[in-house]
Amino acid sequence: MLSDFKSELSALLADRIQALFGVEYDPIVEVPPRRELGDLAFPAALHLARTLKRNPRGIAEELAEDFPSPDFVREIRVEGAGYLNFFLDRSLVTRQLLTEPLIQPEPNSGERVVLEHTNINPNKAAHIGHLRNAVLGDVLSKVLRALGNTVEVENYIDDTGVQLADVVVGFLDLRKMRLEEVAALPEPFDYYCWDLYSEVGRWYEEDAQNQELRRSTLQELEHGSGPRAEMGRLVSRRVVSRHLATMRRLSITYDLLTHEGAVLGLDFFSEAFDQLKSTGAIHLEDDGKNAGCWVMPLSESEEFAGLEDPDKVIVRSDGTVTYVGKDIAYQLWKFGLLDKDFQYRFWEAEDVWETTVDGEPGHPAFGRAERVINVIDIRQSYLQKIVRAGLEALGYHDQASKSIHFAYEMVTLSPATARQFGFLEEDGEEEARSLEMSGRKGIGVKADDLIDQLEAKSREEISSRNRELSAEALDVLARQISVAALRFFMVKATTNRVIAFDLDEALNFEGDSGPYLQYSAVRALNIGRRLGEAGLPTQVSSSQVGDLPPEVWADDLWDLILTVALIPQKTAAAGESLELSLLARHALDLAQKFHAIYHRHPILQEEDLEIRNARLATMQVFVQGLTVLSDLLGLPLPDRM
RNA sequence: GCGCCGGUAGCUCAGCUGGAUAGAGCACCAGGCUUCGAACCUGGGGGUCGGGGGUUCGAAUCCCUCCCGGCGUGCCA
């Protein structure tokens, strides 16, 4: 709606510039910082000043003179150094917002997207770093769907990797436990593995001999048979089950679990290998340090300029395939470029499809994406680039350009939090630096622990102000608040910023927080309830709004309405740039505006009908906008708190 | 060494396709609950936008250079 206004004004302005000055110009639209300056701003005159060798204000005034303004424009003014500013018809815009759905994707504009996220090694409990991944992935899936795409969410389980092997060694060789004993271990199983994993790390260091066990275990995992593989399956299964439960607490679910074991078992790589060989994308090196390896040259690509070794090993000299090799094959499958497909089985207990070697019929179609997005932390950028370069080398240029790495920075622990958890000495040396998490060392804050603490804090806050709640209602509410707090915390950070996780900050429900947003919604709903109790209408119709005189729209009311009108563009920008914090910040901005208005423009006591209706309409627009943003961010909106 | 990212208020961060008085939150100070719920609001103090140079009518934003911090650069994943 607003974007239609923008493009209409842009076109009119471009024509006018052409007519007056004979110059081609594609106008840029901005939103002025303050409402008294206008609603849409064109800095065209500032840009044209140089080429026309005239002062910008003069140009702007000439442009404004007799501007053929459409009916949605109330006033045109020249402001500042030479901005051409438009004031919109507030009643008209508000009426439209209340009439149409906020986000309407162009029909048939969407793509089939495979979105992979979470990808936690199935050998230990999830920690807060994994939460950043999962929350970003989940929010992205919602944003892409809202923009009209079909999204398949996959969670890749590396059930044949060294990390799992280490825990298998821990059970079999360090603890000397049998399969039945491991199966009988009580929950939380992933917590048990967390400790065991770091213990194995220390055990390896004690005696290099111990580390030999890792190699043989890894081989068995890859082959998929033998007692070690069996133990691997059990551990992986139990841990994944726990990860899924953790994610469900945050309302994060998946369409498909893809297992590395299936990629190996079905030998996806052999076909990819044939493709890579026949296109000349890789070649067998016969001397030098990579002698005997199949390598992919990277020297031709500018992205890899300056590398010491311009070749990437795909198949090792012992014939085994590297991680990148497997990943290229897997990426080909995602795009439907591999003749092979997985077999599938439905995991009843977890309510999710998963890949297998020998499956069952009747499964939905998976893969065959037009766009593939992998949510993986920034440290994997190099490898993700190589995967893309692999597709490029195979001649799949379109798919290469649609292989997107959604990279985000790490989560570390703030010094205070690290000390709190005993990872740093209590009042230790001036170590003001944050601490990197490490599964291997057992350093990190477990996801479930954090969620537990958030729920406890929520409970405390609720009961300090709301005594007559039932136990069930309290549970639901505490969960809703903690989910919002956590999800908002993870999304509000820009992706290329390292989060130094601080527990106290995460547990703060004031200011820039999920509960702050929820509270604004609760307040709005309350007003509706109170209006109903007072026998007053709780809604204004869009036609009533359209008839309101312009003077009822105070600047701060109108500012909030314009903020809602900007949601579609913000959403599109977030989806395109993969900068989801844009949405979190916009939601915050919106809630802030509502809280401020709440105190200045009471509805219940207002006796002037038109003013009350304008305020009520603003509230309706607000609830609509906040609901859309909360849905995108996955924040539940309670009706009280 | 090379590459990528970060350095903005005491702390955590927005702003960075150049443009309208550098903005939030936390913390601090002063106010506001018999009036739609104070998880809130209003006001205040606090900034050489890492340093230096350049381009421009105009630079936190673009270019060069230096400094500090993080990450990457494996026949590990």
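Order of the sequence lines sets the chain letters (A, B, ...), proteins ahead of strands, with each chain counted from 1.
Using a 4.0 Å heavy-atom cutoff across all strands shown, A:Asn508 reaches sugar-phosphate atoms only and no base atom. Among the protein residues, A:Val315 comes within range of no part of the nucleic acid, since none of its heavy atoms lies under 4.0 Å from any strand. Using a 4.0 Å heavy-atom cutoff across all strands shown, A:Ile314 reaches no nucleic acid atom at all. No contact: A:Arg529 has no heavy atom under 4.0 Å from any strand. Within the 4.0 angstrom heavy-atom criterion, no nucleotide atom of any strand lies near A:Ile378. The residue A:Ala524 sits apart from the nucleic acid: no heavy atom pair falls under 4.0 Å. Note on A:Ala291: a base of the nucleic acid sits closer than 4.0 angstrom, heavy atoms only. At the heavy-atom level, A:Glu436 lies under 4.0 Å from the strands shown only through sugar-phosphate atoms. Here A:Tyr83 lies in heavy-atom contact (under 4.0 Å) with a base.
If you take NE2 of A:His586 and P of B:A24, they are 17 Å apart, rounded to a whole angstrom. Regarding A:Arg54, its CZ atom lies at a distance of 18 Å from the P atom of B:C57, rounded to whole Å. When rounded to the nearest whole Å, the span between CZ of A:Arg35 and P of B:A20 equals 14 Å.
You'll find that the side chain of A:Gln592 is closest to B:G25, out of B:C36, B:C40, B:G25. Comparing atom distances between the A:Leu46 side chain and each of B:C75, B:A38, B:G19 picks out B:G19 as nearest. Distance from the side chain of A:Pro33 is smallest for B:A20 among the nucleotides B:G37, B:A20, B:A39. With B:C26, B:A39, B:C36 as the choices, the nucleotide that has an atom nearest any side-chain atom of A:Met641 turns out to be B:A39. Closest to the A:Asp512 side chain, of the nucleotides B:C71, B:G25, B:G6, is B:G25. Minimum atom distance to the side chain of A:Glu505 is reached by B:U12, of the listed B:G72, B:C36, B:U12. Across B:C75, B:A39, B:A20, the shortest atom-to-atom separation from the side chain of A:Thr322 is found for B:C75. Distance from the side chain of A:His599 is smallest for B:G32 among the nucleotides B:C36, B:G72, B:G32.
Across the interface with RNA chain B, nearest-nucleotide mapping of A:Gly161 and A:Leu588 shows A:Leu588 to be the residue nearer the 5′ end. Between A:Leu37 and A:Glu222, the residue anchored closer to the 5' end of RNA chain B is A:Leu37, taking for each the nucleotide with the nearest heavy atom.
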CA sep, side-chain torsions, deciding dist, call: A:Asp589, A:Lys593, salt bridge (charged side-chain N to carboxylate O under 4.0 Å, His left out): CA-CA 6 Å; A:Asp589 188 31; A:Lys593 283 172 178 159; 3.3 Å; yes
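Within the 4.0 Å cut-off from OP1 or OP2 of B:A77, not a single side-chain nitrogen or oxygen of A:Tyr323 is found. For A:Arg497 and B:G7, the shortest distance from a side-chain N or O to OP1 or OP2 is below 4.0 Å. For B:G70, the OP1/OP2 oxygens have no side-chain nitrogen or oxygen of A:Arg379 closer than 4.0 Å.
Pairing for B:C4 goes to B:G70, judged as Watson-Crick or G-U wobble with the two contacts each under 3.5 Å. In this structure, B:A39 makes no Watson-Crick or G-U wobble pair, since no nucleotide meets both defining distances under 3.5 angstrom. B:C26 and B:G10 make up a base pair, with Watson-Crick or G-U wobble contacts both under 3.5 Å. With a 3.5 Å ceiling on both atom-pair distances, B:C75 lacks any Watson-Crick or G-U wobble partner.
The aromatic rings of A:Tyr25 and A:His47 sit tilted relative to each other, their planes meeting at an angle between 30° and 60°.
Just one residue in the list A:His259, A:Glu116, A:His117, A:Glu260 forms a side-chain hydrogen bond (donor to acceptor under 3.5 Å, both in side chains) with A:Tyr156, and that residue is A:Glu260.
Residue A:Tyr516 and nucleotide B:A39 are not classified as a stacked aromatic pair, given the requirement of ring centres less than 5.5 Å apart at an interplanar angle below 30°.
A donor-acceptor pair shorter than 3.5 Å can be found between the side chains of A:Asn526 and A:Arg529. Judged by distance alone, the side chains of A:Ser7 and A:Ser10 never bring a donor and an acceptor atom under 3.5 Å apart.
Dense packing is recorded around NZ of A:Lys277, with more than 12 heavy atoms of other residues, nucleotides or ligands lying under 6.0 Å away.
Closest of all the heavy-atom pairs between A:Leu590 and A:Ile567 is CD2-CD1, 4.4 Å.
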